[in-house]
Student: 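The structure is given below, and queries will be raised subsequently.
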Amino acid sequence: MVKSHQIVITGASGFIARNLRKYLSEKNIKLISISRNNFKQFKNELKIVSKNYDENSLLPKIQNSDAIIHLVGIGKQSIKTNFDVVNVEFTKHIINLSKKAKISKFIFLSGLGVSSNTSLGYFISKYKAERLIVNSGLDYTIFRPSYIVGKNDLLTKYLKKQIKKGKIQIPGSGTYTIQPIYINDVVKIFLQSVLQKKFRNKIIDLVGPNYITFEQYVKLFSKGTKTSIKKINLEDVYQTAITNSKSDFRVDDLNILIANFKGNHSKLRSMTKMKFQSVIELLKSGRLL
Ligand SMILES: NC(=O)c1ccc[n+]([C@@H]2O[C@H](COP(=O)([O-])OP(=O)(O)OC[C@H]3O[C@@H](n4cnc5c(N)ncnc54)[C@H](OP(=O)(O)O)[C@@H]3O)[C@@H](O)[C@H]2O)c1
């Protein structure tokens, strides 16, 4: 049991934050969780609802915490908001808050495939946020995740919705691979990164042990559900993504999905000394359904 640590979490009602808060609360970590909307509190948790995370109201409450885990981010743009505003400028604001509140440890989720060579809008914003953090002087751990999967992540929700309709659509060939990681492993790694010095000032791929083609993933996910699987011409999927803002896949989702990004799982395993959940086994067990 870990005691007397206090961690601030932004974007508290998001998928990763909800799972992380539950786990940390069970470990008796003190939490200060911030969201724009009301949310259900866990044990040991101070709830802050703040529309714009304004400094005057937040600073006195988060002062001298041990770490901040910044989970605010968007993967889709619209005319109302864009990557630069949320992924870059908002991160800058949270870095400044951390400094003023004397919180020296900053943990951030970027994306697998983010690099100085990237040309994708979403990745450019994550790269810029990474640079702000690296140059901030704070002790940072930046994770670059592949798909983080659990009961309610976006991919799982998409597949469940399609299963209800009786048909899953795969963009293009489905032979591109992903390297999913289970949310229950992710939350443990976050706590390690707060507690252990070896995570200091590191950028780490957050990837699971298996590469799996999207087609295999979908087949295993929907096993036993009488769902038909249909491959859709990639041009058609892109055209829908470009012209319909409500389409299941946006252009950035498709770019990332088909890009075949691969991360260094052995490095993560040797740093964390954890036994990782195989997502293939998880899918076979039907526990994600
Ligand atoms: N899930 C993955 O597989 C994955 C993979 C790579 C990277 N990531 C990154 O991990 C982080 C968390 O991901 P997630 O899957 O948990 O996403 P999520 O469920 O969409 O949560 C993100 C949270 O960000 C907050 N947010 C969004 N727009 C905001 C705005 N304009 N101002 C303030 N807060 C805003 C919201 O929190 P409130 O509603 O509580 O205010 C939202 O719930 C994101 O940065 C994401 O890019 C996730």
Side-chain angles (χ1 to χ4, degrees), residues 8-23 31-42 45 47-54 58 68-95 97 106-114 118 120-130 132-133 141-159 178-187 189-190 193 203-208 217 250 252-253 255-257 259 261 263 279 288:
V8 180
I9 295 174
T10 66
S13 60
F15 158 67
I16 298 170
R18 283 193 314 275
N19 285 279
L20 178 64
R21 290 167 41 234
K22 179 170 185 290
Y23 174 75
L31 295 173
I32 301 176
S33 303
I34 315 168
S35 170
R36 294 162 304 167
N37 306 300
N38 197 14
F39 60 96
K40 197 169 158 258
Q41 244 169 315
F42 288 112
E45 185 170 50
K47 170 167 81 171
I48 302 179
V49 176
S50 171
K51 288 282 169 219
N52 54 3
Y53 288 62
D54 75 291
L58 288 187
I68 187 155
I69 305 183
H70 178 44
L71 294 175
V72 166
I74 52 166
K76 295 179 196 315
Q77 300 195 97
S78 70
I79 52 162
K80 288 195 189 130
T81 188
N82 64 53
F83 295 146
D84 214 44
V85 169
V86 182
N87 295 349
V88 186
E89 290 307 315
F90 199 82
T91 302
K92 194 189 277 178
H93 175 58
I94 301 298
I95 292 171
L97 268 181
F106 198 96
I107 295 168
F108 178 68
L109 282 196
S110 176
L112 184 66
V114 168
T118 193
L120 305 186
Y122 171 69
F123 278 0
I124 290 171
S125 70
K126 288 289 189 183
Y127 182 76
K128 285 184 182 168
E130 284 189 0
L132 289 171
I133 296 162
T141 306
I142 294 171
F143 291 104
R144 289 179 173 163
S146 176
Y147 291 82
I148 299 174
V149 295
K151 273 266 173 213
N152 269 308
D153 66 281
L154 275 183
L155 178 59
T156 304
K157 282 205 281 201
Y158 163 74
L159 293 175
I178 58 175
Q179 204 176 353
I181 183 165
Y182 187 36
I183 183 70
N184 290 11
D185 288 338
V186 168
V187 296
I189 296 168
F190 281 167
S193 69
I203 299 183
I204 303 162
D205 294 343
L206 193 61
V207 290
Y217 192 95
R250 307 276 182 104
D252 285 278
D253 300 327
N255 290 338
I256 292 170
L257 184 64
F261 291 120
V279 172
L288 285 183

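Numbering of ligands and ligand atoms starts at 1, following listing order.
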Student: For atom 9 (C) of ligand 1, find the nearest protein heavy atom and state the residue, atom name and distance (0.1 Å precision).
Tutor: Leu109 CB, 3.8 Å
Student: Should one rank Gly14, Ser13, Ser146 by closest heavy-atom distance to atom 39 (O) of ligand 1, which comes out on top?
Tutor: Ser13
Student: Quick one: do the Lys47 and Asn38 side chains pair a donor with an acceptor below 3.5 Å?
Tutor: yes
Student: Would you tell me which option among Asn19, Asn82, Ile16 has the nearest heavy-atom contact to atom 16 (O) of ligand 1?
Tutor: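 The nearest heavy atom belongs to Ile16.
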Student: Please verify whether a non-hydrogen atom of Lys126 lies at under 4.0 Å from ligand 1.
Tutor: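 Flag set, Lys126 near ligand 1.
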Student: Hey, what's the ring geometry for Phe190 with Phe143, parallel, tilted or perpendicular (30° and 60° as the breaks)?
Tutor: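 Answer is tilted, since the angle falls between 30° and 60°.
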Student: Using a strict 4.0 Å cut-off to heavy atoms of Gly73, name the atoms of ligand 1 that fall inside it.
Tutor: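 Answer, ordered by atom number: 22 (C), 24 (O), 27 (C), 44 (C), 45 (O).
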Student: Is the contact between Tyr122 and ligand 1 made by the side chain, the backbone, both, or neither, using heavy atoms and a 4.0 Å cut-off?
Tutor: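 For Tyr122, only side-chain atoms sit under 4.0 Å from ligand 1.
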Student: Pick whichever of Val49, Thr91, Thr10, Val86 has a heavy atom sitting closest to atom 31 (N) of ligand 1.
Tutor: Val86
Student: Going by the closest heavy atom to atom 8 (N) of ligand 1, which one wins out of Gly113, Ser110, Gly111?
Tutor: Ser110
Student: Which ligand 1 atoms does Ile74 reach within 4.0 Å, using its non-hydrogen atoms?
Tutor: 27 (C), 28 (N)
Student: Applying a strict 4.0 Å limit to heavy atoms, is Asp153 in contact with ligand 1?
Tutor: no
Student: Which of these, Ile9, Leu71, Asn52, Ile69, has its nearest heavy atom closest to atom 22 (C) of ligand 1?
Tutor: Leu71
